[in-house]
Amino acid sequence: MNQLLGANSRYQMSFVVGFGDKYPERPHHRPSSCPDLPEVCDYGWAYSQPGPNPHVLYGALVGGPDASGTFTDDRTLYEQNEVGLDYNAAYSGALAALIELS
């Protein structure tokens, strides 16, 4: 859990969006990548706009480093930046267990 929340010597960042001083700003998540209405959000804009996502997806765990240990905060690298249900479910369960046991 410490690694996910930022106690990692290599990256010095949290892999949980919105947690800590440094965290992923470009998760692969269309709704958080889109601008506010009435602006149009099509695939090209949401996927390729260079800046941080307009909406912070607080609490979402991104995929994290690849097999070689490299992490790049880039929404086009979905393997590292997607906020999949599978690992977010396990993350939420682990957090609940830590709270229960403390």
Side-chain angles (χ1 to χ4, degrees):
M1 194 59 67
N2 290 334
Q3 284 279 71
L4 300 178
L5 297 177
N8 49 62
S9 59
R10 183 170 185 177
Y11 307 103
Q12 298 294 309
M13 69 178 292
S14 167
F15 294 107
V16 177
V17 178
F19 184 85
D21 295 328
K22 186 177 176 191
Y23 54 83
E25 297 181 322
R26 296 164 185 84
H28 184 87
H29 184 267
R30 183 180 247 174
S32 72
S33 301
C34 288
D36 288 327
L37 294 172
E39 289 188 58
V40 174
C41 181
D42 59 16
Y43 179 77
W45 193 96
Y47 192 67
S48 63
Q49 63 98 2
N53 289 8
H55 307 283
V56 179
L57 194 60
Y58 289 102
L61 175 66
V62 298
D66 63 16
S68 68
T70 302
F71 178 77
T72 305
D73 186 13
D74 179 347
R75 81 182 55 79
T76 64
L77 300 174
Y78 68 89
E79 300 91 345
Q80 295 179 13
N81 292 286
E82 189 169 55
V83 291
L85 293 175
D86 48 359
Y87 41 86
N88 273 279
Y91 165 65
S92 298
L95 283 176
L98 288 173
I99 292 168
E100 182 68 24
L101 296 172
S102 64

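Everything numeric here is computed off the predicted structure, so don't read it as measured data.
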Got a sec: does the CG of Asp21 have more than 12 other heavy atoms crowding it under 6.0 Å?
no
Cluster link Val17 to Tyr87, ILVMFWY, side chain under 4.5 Å
yes
Quick one, Asp74 and Gln80 - any side-chain contact, counting heavy atoms below 4.5 Å?
no
Intermediate values then yes/no, side-chain contact (heavy atoms from CB on, under 4.5 Å), Val62 and His28
CA-CA 8 Å; Val62 298; His28 184 87; over 6 Å; no
Shortest non-hydrogen contact between Tyr91 and Leu4, atoms and distance:
CD1-CD1, 4.0 Å
Should we count OH of Tyr78 as having more than 12 external heavy atoms under 6.0 Å?
no
Side chain to side chain, Pro27 and Asn53, heavy atoms closer than 4.5 Å
yes
Are Leu98 and Leu61 connected in a single hydrophobic cluster, I mean Ile/Leu/Val/Met/Phe/Trp/Tyr linked by side-chain heavy atoms less than 4.5 Å apart?
yes
Classify the ring geometry between Phe15 and Phe71 as parallel (under 30°), tilted (30 to 60°) or perpendicular (over 60°).
perpendicular
Taking all non-hydrogen atoms of both residues into account, name the closest pair between Gly84 and Asn88 and its distance.
O-ND2, 2.9 Å
Does any non-hydrogen side-chain atom of Pro50 lie less than 4.5 Å from one of Arg26?
no
With distance as the sole test, does Asn2 use its side chain to make a donor-acceptor pair with the main-chain N or O of Asn8 at under 3.5 Å?
no
Scanning both residues in full, the closest heavy-atom pair of Met1 with Ala94 reads CE-CB, 3.4 Å
For the hydrophobic clusters of this structure (ILVMFWY residues joined by side-chain heavy atoms under 4.5 Å, transitively), does one cluster hold both Tyr23 and Leu77?
no
Measure the shortest side-chain to side-chain distance between Tyr47 and Arg30 over non-hydrogen atoms and say whether it is less than 4.5 angstrom.
no
If I take atom CZ from residue Arg75 and atom OG from residue Ser32, how far apart are they, to the nearest 0.5 angstrom?
8.0 Å
Determine whether Cys34 and Pro54 make a side-chain contact, defined as any pair of heavy atoms from C-beta on separated by less than 4.5 Å.
no
Heavy-atom closest pair, residues Val83 and Ala60:
CG1-CB, 3.6 Å
